[in-house]
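Written below as structure tokens is the structure these notes are about.
Heavy atoms only: backbone and side chains are in, while hydrogens, waters and symmetry mates are out.
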Amino acid sequence: MVHVNGDVTVCCLDEHMENKLGNLRETPLAELWSGDQVNAWRGAHLEGRFQDSGPLCTRCNWQSAGAAPDQVVDRWLEKSGDSALKARWQARRRTIKA
């Protein structure tokens with residue numbers, strides 16, 4: 001979500017910019033969207049560690065905003081090269097779907 005002043009947050013529900021990544025006037029979107037902070041938050045989300053997913057995430061009803069389809073998550077994990085996180089995600093996904 002990009003606000004009028006250029007601030008970028010990871011979530012459309014983040015109206016108070018609690019999970020702010022940065023500002024487009026200072027940093028390109030591609031850099032913000034693939035930076036260490038947001039990737040750490042993504043990994044925490046995949047593992048169900050919402051307390052480590054940014055300040056807003058523990059209070060969020062993510063189901064109202066939707067979740068990334070498994071195929072999207074799998075593609076991101078492939079690009080990340082984090083085989084340990086991928087294995088943990090696959091194990092968690094099996095548990096969730098069981």
Please enumerate all residues that pass salt bridge (charged side-chain N to carboxylate O under 4.0 Å, His left out) together with R75, with sequence neighbours excluded. none
Please list, chain by chain and in numerical order, all residues satisfying salt bridge (charged side-chain N to carboxylate O under 4.0 Å, His left out) with D14, sequence neighbours excluded. none
Separation between CG (D74) and NZ (K79), nearest 0.5 Å, reads 13.0 Å
CD of E31 to CG of D36: how many Å apart, nearest 0.5 Å? 10.0 Å
Do NZ/NE/NH1/NH2 and the carboxylate oxygens of D82 and R42 come within less than 4.0 Å?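 So D82 does not pair with R42 through a salt bridge.
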Give a yes or no answer on whether the side chain of N19 reaches the backbone of L56 with a donor-acceptor pair at less than 3.5 Å. yes
Counting only N and O atoms by type, is there a donor-acceptor contact under 3.5 Å from the side chain of S53 to the main-chain atoms of H45? yes
Looking at [X] and [Y], what are the two nearest heavy atoms and their distance?
| X | Y | value |
| --- | --- | --- |
| E18 | P55 | O-CG, 3.2 Å |
| V10 | L21 | CG1-CD1, 3.6 Å |
| S80 | L77 | OG-O, 2.8 Å |
| W41 | D52 | CD1-O, 3.3 Å |
| W89 | L46 | CE3-O, 3.6 Å |
| W33 | T9 | CZ3-O, 4.4 Å |

For residues L24 and V8, determine if any side-chain heavy atom of one lies less than 4.5 Å from a side-chain heavy atom of the other. yes
Which residues satisfy the side chain to side chain donor-acceptor pair (under 3.5 Å) test with N5, sequence neighbours excluded?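 Partners of N5 under the side chain to side chain donor-acceptor pair (under 3.5 Å) test: D7.
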Hydrophobic clustering (ILVMFWY, side-chain heavy atoms < 4.5 Å, transitive) - are L13 and V2 grouped together?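 Shared cluster, no.
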What about M1 and L29, same hydrophobic cluster or not, with Ile/Leu/Val/Met/Phe/Trp/Tyr joined at side-chain heavy-atom distances under 4.5 Å? no
